[in-house]
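Here is the structure we will look at, set down as C-alpha cells.
Numbered from 1 within each chain, the chains take letters A, B, ... in sequence-line order.
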Amino acid sequence: MRLSKYFFKTIKEMPSDADLKSHKLLIRGGYIKQVSAGIFSYLPLALRALHKIERIIREEMDKIDGYEVNLPVVMPASLWNETGRYQDVGEEMLRFTDRTGRKMLLGMTHEEAVTDMARYVINSYKQLPVMLYQLQTKFRDEPRVRGGLIRVREFIMKDAYSFHTDYEDLDRYYKRAYDAYHKIFSRCGLNVISVSSDVGMMGGTGADEFMAVAESGEDTLILCEKCGYKANREVAKAKRNYKKEEMLKSEEVHTPGLKSIEEVSKFLKISPESTMKAVVYNIGKEAVMCVIRGDLEINETKLRNYLKIKVLQFSEEEELNKYGIVPGFASPINLKKMRLIVDESAADSSNLLSGANKKDYHVKNINFGRDFTSKEVVDISSVKEGEKCIKCGEKLKITRGIEVGNIFKLGTKYSSTMKARYLDETGKESDIIMGCYGIGVGRLLASILEVSSEDNKISWPISVAPFEIELIALATEKDENVKNTAESIYEMFITNDFSILYDDRKASPGFKFNDADLIGSPLRITIGTKSLNEGGAEVMVNNEKPIIIKTSELMNFIKQKRDELFSQLK
RNA sequence: CGGGGCAUAGCGCAGUCCGGUUUAGCGCGUUUGGUUCGGGACCAAAAGGUCGGAGGUUCAAAUCCUCUUGCCCCGACCA
C-alpha cells in the first residue's frame, strides 16, 4: 500500500477528550473516529489490526473443534422471554419496537440465540460435545463508557458456547478453552493472567477472567507471587487471624461525636481490628444489617451474590430511624425485626468494640453468640493490600487489570428454560450442559497498546500490526536513486506477499518518521541518500538500534526477522 | 442515577467574569507557488465560522438570563 493514496490521517495534537494512552494513540494514529459516546467507526488501519486478531481467534477456536456461526444482532423479545432475561436484564439492553409493534432488542450477548440454534439441531448424545462461536457486534447501553475502546457500547466480541452431555465433559472442554485463550492472547503479544472471578448474572458453577495487567484497568486483582493464587477482588479471600480470647464483660463507653472507626479507635487507643462496624443496606423491600470487623470493607459483589440481588444501596437515615438504628452508632445488639448478616471476621473475633445504637456511645467487649447472633455468617469482606494468601500465607499483592476475556461454566441455566435437550444411550432425555467463552476484540486491541506502547509511539506485535513492514523513502525528489531503490524494494516485498506500507509521500523526514511511529510496524525499512551511501537500506526491528543491510540481502534478512518476531509470540 | 468539567474554523485553544475597537482571533492542519530534505522545515498567498441548539433581555449578545442537546472525567453500575 502506498501511503500517498492511503485513507488515513494522523494528528499532532493530543485529543482533548482522550485520557488513556490507547485512546490517544488510536485517535492520533487515525485508527478510530468517535461517532457517539462509546460508539466508534474504524478506519482502515484499525480494521486491518482487528482482522488479524480475529483471524488468530478463529484459528484457535477451530483448533478446539469450534464451528463458526452467525447469530442475529436484532432479536425478538419473545426469545429472551423464554429465559426470563427480557425482564431480568436492566437498561443496559436497548429495546425498541419494529413497525408492527413487536418488541425487539439489540443483542448484548447471545445465549438465547445460540441455545435456540442448538435445540434446533441437537437431538442426540451422538452430536455432543459441540462448540459454536461467532465474531459479531454487540450493543450494551453502558451507563458509563470510558477510555476509548476500553469500555464502549457497540463492540465486536467473539463469543463461543459449548454443549455437553455431562459436567465432566464440560470440565474437560473448559480446560481446552482455557488453554486456547492463553494461546490467543500470547499470539496477540499480550500478557494476560487468568483469575477466578464472579459468575455474575450469567449464573453457573465457575468462571475465569483473562486480565491484561495495566494501571488503567478497571478491575482489582489479588495475586500471590509465591503459590500463584490469583483472583478478582470480587471473589478473593485472605487468610486472617482473628482475635480469640476469653469473653469479657461488655461495657458502655462514652464516645461523643465519634462516628468513624478511625475516630473511635484513636480516641479509645485500640486498633481498628478490635472494632466492628455495622452497615445497613436497602435491598428493595427490606433492609439488612451487615456486620464486619472494623478495619475491613464490605465487598458488595460478594454480598449481592449471597443475597442473590442486583441492586444494593445504603439505607437512608429515615429508614434507619424506622428500625431504631442510630446512624454512626449502629449495632447488631438488640436488633429487632431486621435481617442480620455477619461477616466471618466479626463472628470469629472476640471482644470487639461496637456501636451502642445510642447517640455518642459505643460498647466494649461484644461477642458473637453472646451479645448478638445470626444464622447468616458468611464471607462478605474485601481483601486488603498486604493481607495473607488464603492458600500459602504469603503476602498478597494487589494490581489492576483490564478484562479482555472470560469463560464461564454455565450449566443448564439456558438449556433447561429453553428446552434444549438430548437423548442419551438409554433413551433418557436430559438438559444439555453449557459453557460460554467471550473475548472483546476491540478491547483486546486497545489493551495491547495500553500495556506495551509508549506515549508517542505504537509498537504492534507483528501478529497484529496493520502492516508488517513500513518502507520509508526520504527526499525522493532530490535523489532519483533513492526513489528507484525504494520502488523496487516495495515491488519486491509485494510480490513476496508481505504486508507492506510504503511512505512515498512528498514530506520531510521527521514528518514521515513520526507517522511511522503511530502506524507502529515492527519492521521499518528506511531508504535515503545516507543509507545508500552506507551500503543499502536501514532496517529497524521493534524500535531497536537500526542497522544497514545490503539491498541484495534485504529480503532474506527481513524474512528471518519476521520469523523471529512471530516465534517470540508462541 | 449522583458529583465535576467542556462545547468558538478540520484539530488544539484564547476571547465569556466586566455586552460595544473583533470586520470573531491564535497555533496546527488544508490549498497554490517557490525553496528545503535523516526526527513533525521555511517564505509568500489563499480557503475555511450562522461562537452546540431554541427562546429571552438589550439600541447592541460568543459574552447576561431560561430551557435544551451532546461529549469528557470521578462515583454508582457492568454477561
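Rounded to the nearest Å, the gap between the C1' atom of G4(B) and that of U8(B) is 22 Å. For U32(B) and G75(B), the P atoms lie 48 Å apart once the distance is rounded to whole Å. Comparing the C1' positions of G12(B) and C71(B) gives an interatomic distance of 16 Å, to the nearest angstrom. With P as the reference atom, U57(B) and G48(B) are 34 Å apart, rounded to whole Å. Rounded to the nearest Å, the gap between the P atom of A54(B) and that of A14(B) is 24 Å.
Across all strands, Arg524(A) comes closer than 4.0 Å to base atoms (heavy-atom distances). In this structure, Met157(A) reaches the bases: a heavy-atom distance under 4.0 Å links it to at least one base atom across the strands shown. Note on Lys9(A): only backbone sugar-phosphate atoms sit closer than 4.0 angstrom, heavy atoms only; bases stay farther off. Nucleic acid contact for Lys506(A): base, since at least one base atom lies under 4.0 Å from a heavy atom of the residue. At a threshold of 4.0 angstrom between heavy atoms, the contacts of Asp517(A) include nucleobase atoms, whether or not backbone atoms are also involved.
As a whole-Å value, the separation of Lys24(A) NZ from C11(B) P is 19 Å. Atom CG of Asn514(A) and atom P of C28(B) are 16 Å apart (whole Å). Distance, Asn543(A) CG to G39(B) P: 16 Å, rounded to whole Å.
Among Glu68(A), Lys158(A), His110(A), the one residue that satisfies the side chain to side chain donor-acceptor pair (under 3.5 Å) test with Gln134(A) is His110(A).
Ion pair Arg233(A)/Glu297(A) not flagged as a salt bridge, since none of the NZ, NE, NH1 or NH2 atoms sits closer than 4.0 Å to an Asp/Glu carboxylate oxygen. Between Asp504(A) and Lys483(A) there is no salt bridge, since no side-chain N of the basic residue sits under 4.0 Å from a carboxylate O of the acidic one. Here Arg443(A) does not pair with Glu450(A) in a salt bridge; the nearest charged N to carboxylate O distance is not below 4.0 Å. A salt bridge does not link Lys230(A) with Glu209(A): none of the charged nitrogens is closer than 4.0 Å to a carboxylate oxygen.
In this structure, of C11(B), C37(B), G29(B), it is C37(B) that holds the atom nearest to the side chain of Pro509(A).
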**Q.** Sugar-phosphate or base contact per nucleotide [nucleotides 70-77 of chain B; S, B, -; heavy atom under 4.0 Å]
**A.** -SSSBBBB
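Evaluation of the ring pair (Phe, Tyr, Trp, His ring centres under 6.0 Å) rule for Tyr6(A) yields Phe467(A) as partners, not counting sequence neighbours.
At a non-hydrogen distance threshold of 4.0 Å, Leu474(A), Ala475(A), Glu477(A), Lys478(A) from residues 471-490 of chain A come into contact with RNA chain B.
Geometrically, Arg95(A) engages Tyr86(A) in a cation-pi contact, judged by NZ or CZ lying under 6.0 Å from the ring centre and within 45° of the ring axis.
When side chains are defined from C-beta on, Cys436(A) does not count as touching Asp159(A), because their heavy atoms never get closer than 4.5 Å.
Residue Phe511(A) and nucleotide G40(B) are not classified as a stacked aromatic pair, given the requirement of ring centres less than 5.5 Å apart at an interplanar angle below 30°.
Between Phe210(A) and Tyr181(A), the angle of the ring planes lies from 30° to 60°, which puts this pair in the tilted group.
Contact of Glu13(A) with G27(B) (side chain to base): a donor-acceptor pair of N or O atoms is detected under 3.5 Å.
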